[in-house]
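Reminder, nothing fancy here: chain letters follow the sequence lines and each chain counts from 1. Side chains included, hydrogens not; waters and symmetry mates left out as well; all remaining heavy atoms used.
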2 protein chains.
Amino acid sequence: MNYSLVKLFGWGVIMNKENLNLLVDTYTTAMNEVNRRINVIMNEKVHQELTSDQFGTLRFLQMKQPCTSSDIAHEFSIGKSAVTAQINRLVERNLINRTRDEQDRRIIYLTLTEDGKKLINAGTKKLYDVLGDILSEFKDEEISCFIESLEKLARIIPRK
Amino acid sequence: MNYSLVKLFGWGVIMNKENLNLLVDTYTTAMNEVNRRINVIMNEKVHQELTSDQFGTLRFLQMKQPCTSSDIAHEFSIGKSAVTAQINRLVERNLINRTRDEQDRRIIYLTLTEDGKKLINAGTKKLYDVLGDILSEFKDEEISCFIESLEKLARIIPRK
DNA sequence: TATAATAGTTCACCTATTGAACTATTCACT
DNA sequence: AGTGAATAGTTCAATAGGTGAACTATTATA
């Protein structure tokens, strides 16, 4: 039980500015902690020979291929030049192919090579194992409620 | 309402391997989305002249100072040499001071300068504003339940 | 046809991270 | 007291990731 939260909500305390600030602190601390721990375990057990960013890009491609550099830039909220650099490294390692669109020759489609597919399929399997084990510790209602809130949070955060 | 979750839980479906994998997908997608959006809004409205990492370090110092490089390396799960590099940049910008321990001269204490305090206090205020606005959209029970789950998640993730 | 917009690359510059080798200091033990 | 291990931090070379401006090539539009 988290006593700062009990203090905030458990006795029907009205939400004022100060309590809201405490809530923000509790939220950021917990979220940072989760992200750090997940990052460590992903690096050790899931990514293997990939960085987090590379794993993210290959996962995106696995689900959305064929797609473009601009799609990736938009998905991860980074500039197109950052994507070019990353894709270059993945092409050099023969994990991704570039294919020019014959109709609109400005567009370059990105697809996974056979090596790329193998690597990301293996990584995804490990992801299911590792995160599946963790999420299994929650009760079904607990985890669905948590993910609902997470999705609501994502929707609420203002774009731009 | 999230239909993939309804499919998993809403009709009393038993949790099998395949459902667990879908759950992992839903979780990672939502978590990545939240992290990306938070990152964007933090860069635009909270950090200002700092990077995310620098903001994190100054926040840690704000709460835990005086502390050492090793404390920071441990907190953020990075190597000591990475900390040295970051602290160098912050010292150059006159945001942090290094002070050698007179008893044990191996230890160097890190503290915020007056400039550093001003900057991180302003940033914290903005953090409270921006995240407070977002979290205010949740009902009290909703957010406390969410944060409880987040903290439980952090505890559950295996160290090492 | 001239001009806008779009897709992607290149470049210079910066931050962050790792891991090995290093300095300096203190601890522990015989 | 003296030696060797442990601890705290730095340096260095290498790599990844990021920005933003200037660029090429191509297509759309007016």
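Rounded to a whole Å, the CG atom of A/Asn39 is 14 Å from the C1' atom of D/dA16. Separating the NE2 atom of A/His47 from the P atom of D/dA16 is a distance of 15 Å, rounded to the nearest angstrom. Regarding B/Ile107, its CD1 atom lies at a distance of 13 Å from the C1' atom of D/dA6, rounded to whole Å. Counting to the nearest Å, the C1' atom of C/dT25 and the OH atom of B/Tyr109 are 14 Å from each other. Protein atom CD of A/Glu44 is 12 Å distant from nucleotide atom P of C/dT18, rounded to whole Å. To the nearest angstrom, C1' of D/dA16 lies 15 Å from CD1 of B/Ile78. Rounded to whole angstrom, the span from the CD atom of B/Gln54 across to the P atom of D/dG18 amounts to 16 Å. The distance from atom CG of A/Leu110 to atom P of C/dA7 is 13 Å, rounded to the nearest whole Å.
When the nucleotides C/dG8, C/dA16, D/dT27 are ranked by their closest atom to the side chain of A/Arg105, D/dT27 comes out on top. The listed nucleotides are D/dT27, C/dG8, D/dA8; the one nearest the side chain of A/Asp104 is D/dT27. Counting only heavy atoms from C-beta on, A/Lys80 has its side chain closest to C/dG8 among C/dG8, C/dT15, D/dT11. Among the nucleotides C/dG8, D/dG18, D/dG17, the one closest to the side chain of A/Thr68 is C/dG8. The side chain of A/Arg106 lies closest to D/dT27 when the candidates are D/dG18, D/dT27, D/dT11. Between C/dA24, C/dG8, D/dT19, one nucleotide has an atom nearer to the side chain of A/Ala82 than all others, and that is D/dT19. Among the nucleotides C/dA20, C/dC11, C/dG8, the one closest to the side chain of A/Ser81 is C/dC11.
Under 4.0 angstrom from either OP1 or OP2 of D/dT26 there lies no side-chain N or O belonging to A/Gln103. Contact annotation: A/Ser70 does not reach the phosphate of C/dT6 (side-chain N/O to OP1 or OP2, under 4.0 Å). Remark: B/Thr51 is not in phosphate contact with D/dG18, judged by side-chain N or O atoms under 4.0 Å from OP1 or OP2. Within the 4.0 Å cut-off from OP1 or OP2 of D/dT10, at least one side-chain nitrogen or oxygen of B/Arg98 is found.
Where A/Ser52 and B/Ile87 meet DNA chain D, the nucleotide closest to each residue was compared, and B/Ile87 sits on the side nearer the 5' end.
A/Tyr27 and A/Leu153 make their closest contact through OH-CD2, 3.5 Å (heavy atoms, listed as atom of the first residue, atom of the second, distance). Minimum interatomic distance between A/Ala154 and B/Glu33 (heavy atoms only, all atoms of both residues): CB-CG, 3.6 Å.
Note on A/Ala85: nothing from the nucleic acid sits closer than 4.0 angstrom, heavy atoms only. Here B/Thr84 lies in heavy-atom contact (under 4.0 Å) with a base. Across all strands, A/Arg100 comes closer than 4.0 Å to no nucleic acid atom at all (heavy-atom distances).
If you take CZ on A/Phe76 and CG on B/Asn32, they are separated by 7.5 Å, rounding to the nearest 0.5 Å.
No side-chain heavy atom of B/Ile96 sits less than 4.5 Å from a side-chain heavy atom of B/Thr111. Inter-residue side-chain proximity for B/Ile38 and A/Met31 is flagged as unmet; no heavy-atom pair is nearer than 4.5 Å.
For C/dA4, the O4'-C1' to base torsion is within 90° of 0; the nucleotide is therefore syn.
For D/dT27, there is no paired nucleotide, since no Watson-Crick or G-U wobble pair has both relevant distances below 3.5 Å. Across the strands present, C/dA4 finds no partner; the criterion is a Watson-Crick or G-U wobble pair with both atom distances under 3.5 angstrom.
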Pair B/Leu127-B/Arg59, side chain to side chain contact (heavy atoms under 4.5 Å, CB included): steps then yes or no: CA-CA 11 Å; B/Leu127 178 71; B/Arg59 277 280 283 167; 3.8 Å; yes

